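Lettering of chains follows the sequences in order, A, B, ..., and the numbering in each one begins at 1. Note that this is a predicted model, so its numbers are computed, not measured.
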Amino acid sequence: MSTSDQSFRRVPPNVDFPALEERILGLWDELDAFQTSVAMRPEESEYTFYDGPPFVTGSPHYGNLLAGVIKDIVPRYWTMRGHRVERRFGWDTHGLPIEMEVQKILGLSGPREINEFGIDRFNEACREHVQTNTESWETITRRIGRWVDFENDYKTMDLDFMESVWWVFRRLWDKGLIYRDFKVLPYSWGASTPLSNFEANLDYREVDDPAITVRLRVLQTNGPAREGDYLTIWTTTPWTLPANLAVAVGEDIGYSAIEVDGERHWVADNLAGTIWPDGIVARRANGRELIGTQYEPPFSYFEEERDHGAFRVISSPEVTTDEGTGLVHMAPAYGEADFYALADAGVTVMLDPVDAEARFTDQVPDVAGMYVKDADAKLIELLKRRGTLLHRDQIRHAYPFCYRTGTPLIYKAIPTWFVRVEQFKDRMVALNGQIHWVPEFVGTRRFGNWLENARDWAISRNRYWGSCIPVWECDGCSEQVCIGSIDELAGRSGVHLDDLHKHIVDVVAFPCSECSGTMERVPEVLDVWFESGSMPYAQNHYPFENEEAFARRFPADFIAEGLDQTRGWFYTLLVLATGLFDDIPFQNCVVNGLILAEDGRKMSKSLKNYPDPMEILATHGADALRAYLINSPLLRAEPLRFTEGGVREVTRAVMLPLWNAYSFLTTYAEADGISTEDLNLAPPPGERAEIDRWILSVLQSLISEVNEQMEGYYLYAVIPPMVAFIDDLTNWYIRRSRRRFWRTRSNDDTDKIAAFATLYEVLVTFSKVIAPVLPFVTEELYQRLVVDHRPAGTEGPLSVHHTDYPEPRPELISAELENAMNWVRQVVNLGRSLRVTHGLKVRRPLPSLTVLSRNAEITEAVASHGWLITEELNVKEVLVGQDERELVDLEIKANFKRLGPRLGTSVQMVAAALGQLDEESVQTLVDGGDIVVAGHEIGSDDVIVQRVPRAGLVVAAEGPLSVAIDTTTTPDLEIEGTARELINRIQQIRRQSGLDVADRITVIWSSDSARIAAAIEVHAAVIAAEVLATSVTREDQLIGTDIEIDGDPVTMAVNRAGSSAEQA
RNA sequence: GGGCCCAUAGCUCAGCCUGGUUAGAGCGCAUCCCUGAUAAGGAUGAGGCCCCUGGUUCAAGUCCAGGUGGGCCCA
């Protein structure tokens, strides 16, 4: 026996996975395992991954964990495939979320107070705050086993990053893809900034607003509209009336002039009754005829705009007659539809008498200085006094509020910088076709549709903490210059900056080249999405540095984010890559769905409807959580209801069986003193027992399957085959090979060593296969099975994650063997079913089992694996035959798949006739002959034969095979059954006494039953061998454990025979 | 209002692309087996208007259209 320190040591079957994982994390630190895994692969093999930056202010949630797991599995896989995969963590450090946090900390209510406080002090406070919230990310990212570089991370506020963002902007500018225009946006006066539509949707509340109907006097007769008529309009925002510039009608909507008290009021036909139920229709016209009609605006503050085309009836496709009057008040500064309708009508003037904090300017003297909503009442009062107010009402409706400051939003035209996405959206659509999306529908449909309808992209924000729009504008002649680098700015201004934040950049000015004015930077900063979209260039400080590395790293091989990034990061990456290089930014994109709480609702911190991620990790471990998330609808971009039970189930179905197999190997290897040196003496796989060759073949097939799925990024398809393999390994290979591992040493150990070697090789290889998914437990197996046994002085990978990913070895694959084993397992399943349904305990031996099939592959498979079946089902003999007619009735059914296309409509008739066939015709078909049914020639391939077990027999049938068990019993078999019962009871006593599996025992028994005495005497040797007894003796009046076997009492005394060392 | 996705057993989900007459798995439940993987393991069983309506077809859980309900994104 080998006594070297290469011998295996027993690993207990019970295991604390979370504690194990903590130890592995320590090991990885010791080995510097992550950095080594990157550095050990050649630079030229680089596989590129881009990490989408999360907001630095957010704390990690399950969605981030899920994306993190995907971003870990794929790079680990490609690393093992031989590629260098650098993984830099990124941080989105700019933008409104962090500004709002800092505002809160500093006690500043909004932009006015920020300006008073000083933008420089405010921005520096933001910069400082960015540092504070990275710890929770590092902790949980490390704990879930994600290897990513936090040291060499990138931040959007880094000088290099920001300079590259300028370059990106400048390049688009040079291509004529940047412009400034007004855009009507949801505007938060609380934050003094426009919001995105997304942000505007975050906080809708039910509020009461005034709803007023106002009449506007027609000034000149125009077609059906006569001078002195009135146009009736309706609005829920009276404060926008001073900025009215037009009234819109729908061209094909019908309107009526309703006569009331001698005055005519124009209103949509179907709404007239709601205002004047008894009014007389004096005239009808459609909207088209009213266009151009001049009217007197509700207020006269801006009468001079009439010369620029204002105060006329225009048309708009947006006009409906769902509510109001069918004539719509147009204030282009405060409504997007208004803005476009006026533009279409050729009216380019814009009135916006409201300041940044939603107060009226002096242009509207009656309400100057008032907050717009507060001014509603005063304005309504003025309308009433002038006799233009027809009706006043209240309306309750959903209205958006600022999700940060809680103030009502208003819609307001804001000067905004745009990227001309519409100009190159066709290219984006074409380029998108080159990207491999998983799942596919996200790319082709969701994202593809979005691209086809792309609008110009608004990229500016009226805030403080962000990258600056690098445009300088002359205060004299409005000349604009775009600056693309620090050096270029220094060249113009003589100032060389080492920080590009607003408070630093804004003070840099230089003389205008066209006039005597001064060039000053425009005030806006860039939307953070522009920065994250610039990440491929900016994280490398391209093109100022790393040109070569950038060329290698663009486009990325792989990115992965949530479905919500369709319009987010995926989009901005593609817009910028297309605009800059006419290229795709990434080649493969894995999109995951949203994780919901168990109740099907969104996970909500305030509702506490989900378990804390760190607690899940502490209870179940990262491996289980990773596998649970990956093997879920999430990887098909569908939502998942997260349940702790699901995580527990993965532990049960995947982790524990794997661990038990490992424990099994080490337990019996230790008991037998097996070492890795012994395993080296094992025969080559081709010369091992068939079941060894079978599991090795299945393993190779698994490797092939997993590689194929991983290469296609179909992560959802990798866990099921792995689970199936674990089932094959534990519930068939080990179960059926157990005895081979227990055999004590003898002169010919070849078969036992082959079994140990096979199980060892399978566990080591399988660990590599699932290492990307379950990085912890596989590392433990690799350390204990490989690294610990490496002879001193030999070298090799120190971590499973440094090994090469297994490649299938075709010479080990045997499809015939795998098929044969499937048939054998099906026979066993039918046999088990028969034993259960007929109440035949497996302990009771039965004379024979018969397998009948006309399929030679099946009969051969069964015949050559009889030993597996006899052992598993405890039958003495396995018989094989072809003629099943004595056991089953044959039923013929139409094979619709074949007959349907051939016979068309007649198939139903033929199917019916097939059900009525006489025995002879059935036999002809079963024997492979042809018959004529209902005028059609039918061959054996055109039918499906079903086998129905005959009543009264112990027979089961499935598909092409039938199984029968002979239940005849004999005295010999009965005695053997009793012996099995005794073995069973003695084993139970062993267990209850706490004996080790390798302990030898003595057995003393006492019984008055002749049957039991016979069983023990006849089978003493078998019993002794099974229970590891050195002696089995009878003794009357014994005091021990009283048991009963089939009604007969027995007393047993079981004691340890001595030290287990004797066994050798 | 628009785009996309989803709806199958009590629960979580496969199957649908490529239509075929007995619709699967796991959990849970019930009954049982095994006991040298043992704080495990295994078998058997019950449990399904495959969301609804219409269409295409010899044939629809599967394809098409329209609904209903839910989700994501965008208005």
Side-chain angles (χ1 to χ4, degrees), chain A residues 12-14 196-198 200-201 320 336-337 439-442 444-450 452-453 455 562-568 571 593-594 596 598 600-602 628 631-633 636-643 645-646 648-650 652-653 656-657 659-668 671 716 720 723-724 727 730-731 734-735 738-739 741-742 828-829 831-837 839-843 872 874 893-911 944 946 958 980 983-988 990-991 995-999 1026-1028:
Chain A
N14 48 340
S196 67
N197 280 309
F198 167 73
N201 276 331
T320 68
E336 190 175 15
E440 194 192 2
F441 78 85
V442 176
T444 53
R445 295 176 182 272
R446 199 181 164 100
F447 193 59
N449 290 355
W450 171 251
E452 280 169 19
N453 298 311
R455 299 273 292 271
L563 191 60
D564 53 341
Q565 294 299 325
T566 313
R567 273 79 160 170
Y571 180 66
L594 185 80
L596 301 175
E598 191 162 5
R601 293 195 282 179
K602 277 194 179 185
Y628 170 63
N631 191 34
S632 75
R636 299 174 189 274
E638 289 167 22
L640 168 77
R641 292 187 182 197
F642 184 94
T643 68
R648 198 178 303 120
E649 171 59 18
V650 171
R652 200 196 62 76
L656 282 173
W659 188 266
N660 281 335
Y662 164 57
S663 170
F664 178 90
L665 170 72
T666 56
T667 298
Y668 296 107
Y716 50 79
V723 173
D727 183 68
T730 60
N731 287 332
I734 291 180
R735 181 181 166 85
R738 273 183 295 197
R739 285 168 186 272
F741 290 87
W742 311 333
V828 166
N829 282 338
R832 282 181 189 150
S833 172
L834 283 174
R835 275 196 174 265
V836 167
T837 50
L840 305 163
K841 281 185 181 181
V842 177
R843 272 200 292 269
E872 182 67 23
N874 194 18
K893 288 217 160 184
N895 181 349
F896 283 92
K897 198 163 190 173
R898 271 182 71 89
L899 291 176
R902 207 171 87 203
L903 304 182
T905 323
S906 351
V907 73
Q908 299 298 356
M909 196 178 58
V910 173
I944 292 167
Q946 293 190 337
E958 191 171 306
R980 297 271 300 221
I983 292 168
N984 166 274
R985 303 308 158 88
I986 296 168
Q987 299 289 26
Q988 286 184 28
R990 277 187 67 117
R991 282 209 54 71
L995 291 166
D996 187 81
V997 292
D999 285 338
E1026 283 294 313
V1027 303
L1028 299 184

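- The nucleotide whose nearest atom lies closest to any side-chain atom of A/R446 is, among B/A37, B/C74, B/G71, B/G71.
- Counting heavy atoms from C-beta outward, A/R902 and A/V907 have side chains that stay 4.5 Å or more apart.
- Aromatic stacking is marked for A/F896 over B/U21, as both cut-offs hold: 5.5 Å for the centres and 30° for the planes.
- The 5' end of RNA chain B is approached more closely, in terms of each residue's nearest nucleotide, by A/V442 than by the other of A/I734 and A/V442.
- At a threshold of 4.0 angstrom between heavy atoms, the contacts of A/N14 with the nucleic acid are absent.
- Annotation: B/A23 and B/G67 have their P atoms spaced 32 Å apart (nearest Å).
- A 3.5 Å limit on both hydrogen-bonding distances identifies B/C33 as the Watson-Crick or G-U partner of B/G41.
- Distance from the side chain of A/R652 is smallest to B/G41 among B/G41, B/U22, B/C58.
- For A/F447 and A/W450, the ring centers are positioned 6.0 Å apart or more.
- Within the 4.0 angstrom heavy-atom criterion, no nucleotide atom of any strand lies near A/R835.
- Closest non-hydrogen pair, A/N631 versus A/P720, comes out as OD1-CD, 3.6 Å.
- Comparing the C1' positions of B/U62 and B/G19 gives an interatomic distance of 6 Å, to the nearest angstrom.
- Whole-Å rounding puts the A/R985 CZ to B/C33 P distance at 10 Å.
- Spacing between atom CZ of A/R738 and atom P of B/C34 amounts to 13 Å, rounded to whole angstrom units.
- When both distances must be under 3.5 Å, the Watson-Crick or G-U wobble mate of B/A46 does not exist.
- With both pairing distances under 3.5 Å, B/U68 is matched to B/A7 as a Watson-Crick or G-U wobble pair.
- Here A/R832 does not reach the OP1 or OP2 of B/U44: none of its side-chain N or O atoms lies under 4.0 Å away.
- If you measure from atom CG of A/L596 to atom P of B/U12, you get 11 Å, rounded to the nearest angstrom.
- In this structure, the nucleotide among B/G26, B/U38, B/A14 sitting nearest to the side chain of A/P13 is B/U38.
- Whole-Å rounding puts the A/R641 CZ to B/G10 C1' distance at 13 Å.
- Using a 4.0 Å heavy-atom distance criterion, A/Q987 is classed as a base contact.
- Residue contacts shown for A/L899 are absent, as no nucleic acid heavy atom lies under 4.0 Å away.
- Of the nucleotides present, none pairs with B/G61 by Watson-Crick or G-U wobble criteria with both distances under 3.5 Å.
- Checking A/Q908 against A/P639, the closest nucleotide of RNA chain B that is more toward the 5' end is the one next to A/P639.
- Straight-line distance from the CG atom of A/L640 to the P atom of B/C72: 14 Å, rounded to whole Å.
- In this structure, A/R832 pairs ionically with A/E872, as a charged nitrogen and a carboxylate oxygen lie closer than 4.0 Å.
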Stepwise salt bridge (Lys or Arg N to Asp or Glu O under 4.0 Å) test for A/E1026 and A/R739:
CA-CA 10 Å; A/E1026 283 294 313; A/R739 285 168 186 272; 2.6 Å; yes
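- To the nearest angstrom, P of B/C74 lies 15 Å from CZ of A/R455.
- In a base pair of the Watson-Crick type (N1 to N3 plus N6-O4 or O6-N4) or a G-U wobble (N1-O2 and O6-N3), with each distance short of 3.5 Å, B/U18 is matched with no nucleotide.
- No side-chain donor from either of A/N895 and A/R898 sits under 3.5 Å from a side-chain acceptor of the other.
- Phosphate contact (OP1/OP2 of B/A40, side-chain N/O of A/N660, threshold under 4.0 Å): absent.
- Rounded to whole Å, the separation between the C1' atoms of B/U53 and B/G69 comes to 15 Å.
- Rounded to whole Å, atom C1' of B/G15 lies 10 Å from atom CZ of A/R636.
- No contact: A/P720 has no heavy atom under 4.0 Å from any strand.
- B/G15 and B/A7 are spaced 9 Å apart, taking the P atom of each and rounding to whole Å.
- Among the nucleotides B/A37, B/U35, B/G20, the one closest to any side-chain atom of A/N731 is B/A37.
- The residue A/G900 sits close to a base: some heavy atom pair falls under 4.0 Å.
- In this structure, A/L640 and A/Y628 have side chains that are in contact, with non-hydrogen atoms separated by less than 4.5 Å.
- Distance CZ (A/R843) to P (B/A43): 18 Å, rounded to an integer number of Å.
- Between B/U22 and A/K893, a contact under 4.0 Å exists linking OP1 or OP2 to a side-chain N or O.
- Taking every side-chain heavy atom of A/W450 into account, B/C74 is the closest of B/C74, B/C27, B/G71.
- Residue A/R990 is out of contact with every strand shown, counting any heavy-atom pair closer than 4.0 Å.
- Listed nucleotides B/G36, B/A14, B/G42 differ in distance to A/L1028; the shortest reach to its side chain belongs to B/G36.
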